[in-house]
Protein chains: 2
Amino acid sequence: MPIDAQPTTRVRAADELKQVALEQFATVGFAATSLQHIADHAGYSKSSVLYHFTSKEALLEAAIEPAISEFEAVLDDFIAGRGSGRRRRLVARVVDLLLDNRQAVHVFLIQGPSLAELPIIARANDAVRRLADAIGEERESVVDQVRFGIGLGGAAFLLTAGRSFSDADALPADDELREVLHVVLGELLAPGDRPHQTTTD
Amino acid sequence: MPIDAQPTTRVRAADELKQVALEQFATVGFAATSLQHIADHAGYSKSSVLYHFTSKEALLEAAIEPAISEFEAVLDDFIAGRGSGRRRRLVARVVDLLLDNRQAVHVFLIQGPSLAELPIIARANDAVRRLADAIGEERESVVDQVRFGIGLGGAAFLLTAGRSFSDADALPADDELREVLHVVLGELLAPGDRPHQTTTD
DNA sequence: ACGCTACTTGACCGATCGGTCAGATCCTGC
DNA sequence: GCAGGATCTGACCGATCGGTCAAGTAGCGT
């Protein structure tokens with residue numbers, strides 16, 4: 001909701017294109033999404049897309065970079081942090097990040113391995129790997145690592161690809177989804193400390 | 001290592017192509033995998049690929065149909081079956097199916113929504129949806145449905161895309177992985193009945 | 001009115017896509 | 001040795017890919 005009634009049109013085009021592109025990348029896949037497709041869907045010409053973004057890869061980067069930066073921030077905080085509530089805090093922030101950036105997360109987590117050649121994706125993959133390592137070092141149990149992988153990948157799957165598998169009414173509003181994800185991801189990513197059903201605190 | 005020294009060559013080409021194609025489809029994605037790529041990787045020409053399979057789509061179908069049929073069998077057995085051990089049996093069979101058909105599962109589960117236009121994928125998506133509905137009817141709890149989605153999608157993610165996020169030594173042999181998946185998926189898909197950590201171990 | 005800049009676009013480029021087709025080559029039965 | 005089907009391949013097709021470029025058009029400061 002911009003206070004400025006006319007956002008100078010200039011920024012709007014780029015933002016529109018970013019959003020449309022991200023939507024297509026997440027649902028159809030980066031490789032399968034053509035610039036023409038994005039342009040048509042956004043009401044521009046392909047040339048306009050390439051005017052605002054120097055390449056398809058640059059468009060991808062512009063679309064998902066913020067989410068990656070935020071993910072890196074969450075990761076750095078987790079690595080630097082200590083204490084027993086560490087994993088719980090990680091879970092909370094990961095859930096928020098997933099809900100706020102489903103499409104971007106789908107791109108760099110689900111499609112990540114197949115797009116590793118792109119620098120921005122490589123950066124995201126590296127962050128994911130560092131998180132996996134951090135979890136792995138903390139507890140050597142294989143079960144724990146599998147829980148972590150299933151939790152992270154499964155949540156990303158559920159919020160993006162998995163949505164098409166359930167009726168529209170099955171998956172409820174984001175509010176309830178957030179709570180539910182807290183519970184389930186809490187079981188998976190922080191199996192040690194049971195938070196007695198939260199109540200915030 | 002086939003006992004038959006010369007498997008008549010005829011079948012071999014098609015099988016080789018199927019395997020190479022499935023590998024590429026799972027790692028790079030169906031849309032991003034070209035017939036030329038598959039042909040080069042398998043040591044044939046693109047024309048040869050199209051001789052054995054009438055189209056790229058037909059090649060995909062030949063590569064993943066067996067896994068889909070098996071998945072449908074597991075599903076039908078679960079829907080028809082009753083009793084408390086029903087979910088545990090589902091978990092066991094799903095784990096085996098995942099381990100034996102990682103690549104195919106990755107294609108029709110992870111890439112499924114973006115390939116829904118292909119009949120064979122539509123069939124697989126329908127099966128997944130039926131399974132989700134069956135789980136949903138049994139227990140209306142949203143948490144349960146989320147556990148199911150995360151378990152299924154997360155396991156598929158872990159066994160395919162997620163592998164590239166961990167060092168080669170991190171994820172162990174299939175035997176141990178099978179046990180671990182039994183435990184974790186058991187927690188997620190059959191949260192009701194706790195099998196007391198199963199004997200074995 | 002002017003020029004400058006931001007923006008948009010169609011025409012066009014080489015490369016590659018999935019797919020067709022007409023031969024080569026090879027293998028087997030006779 | 002030869003006919004015939006199975007297999008394999010290069011040449012080729014129209015369509016589409018990501019990307020370039022020059023010619024516009026719109027809006028703003030002067």
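Chain letters run A, B, ... following the sequence lines, proteins first, then strands; residues in each count from 1. These numbers were taken from a predicted model, which means no experiment stands behind them.
- One can place OH of Tyr51(B) at 16 Å from P of dA22(C), the figure rounded to the nearest angstrom.
- Glu61(A) has its CD atom 17 Å from the P atom of dG18(D), to the nearest Å.
- Applying the side chain to side chain donor-acceptor pair (under 3.5 Å) test to residues at least two apart or on different chains, the pairs with a partner in residues 56-65 of chain A are Glu65(A)-Ser69(A), Glu65(A)-Arg123(A).
- For the side-chain contact (heavy atoms from CB on, under 4.5 Å) test with Arg102(A), the passing option among Asp174(A), Val107(A), Leu158(A), Leu22(A) is Asp174(A); the others fail.
- The phosphate of dT16(C) (OP1 or OP2) has no side-chain N or O of His37(B) nearer than 4.0 angstrom.
- A cation-pi arrangement is absent between Arg89(A) and Phe78(A) under the rule of less than 6.0 angstrom and at most 45 degrees off the ring axis.
- With DNA chain C read from its 5' end, the first of the two nearest nucleotides for Lys46(A) and Val49(A) is the one closest to Val49(A).
- Distances shown here put a side-chain N or O of Ser45(B) below 4.0 Å from the OP1 or OP2 atom of dT9(D).
- A salt bridge links Asp15(B) with Lys18(B): the distance from a Lys NZ or Arg NE/NH1/NH2 to an Asp or Glu carboxylate oxygen falls below 4.0 Å.
- Ionic pairing of Arg147(B) and Asp144(B) is present here: one or more N-O contacts between side-chain nitrogen and carboxylate oxygen are shorter than 4.0 angstrom.
- In this structure, Ser48(A) does not reach the dC7(C) phosphate: none of its side-chain N or O atoms is under 4.0 Å from OP1 or OP2.
- Rounded to whole Å, the distance from NZ on Lys56(B) to P on dT16(C) is 15 Å.
- The CD atom of Gln36(A) sits 13 Å away from the C1' atom of dA11(C) (whole-angstrom rounding).
- Which of dT8(C), dG18(C), dT20(C) sits closest to the side chain of Leu50(B) comes down to dT20(C).
- Straight-line distance from the CD atom of Glu57(B) to the P atom of dC17(C): 18 Å, rounded to whole Å.
- Straight-line distance from the NE2 atom of His52(A) to the C1' atom of dT9(C): 12 Å, rounded to whole Å.
- What separates OH of Tyr44(B) from C1' of dA6(D) is a distance of 13 Å, to the nearest Å.
- Residue Ile38(B) contributes atom CD1, which lies 11 Å from atom P of dC17(C) at whole-angstrom precision.
- One finds no side-chain N or O of Ser34(A) lying less than 4.0 angstrom from the OP1 or OP2 phosphate oxygen of dT16(D).
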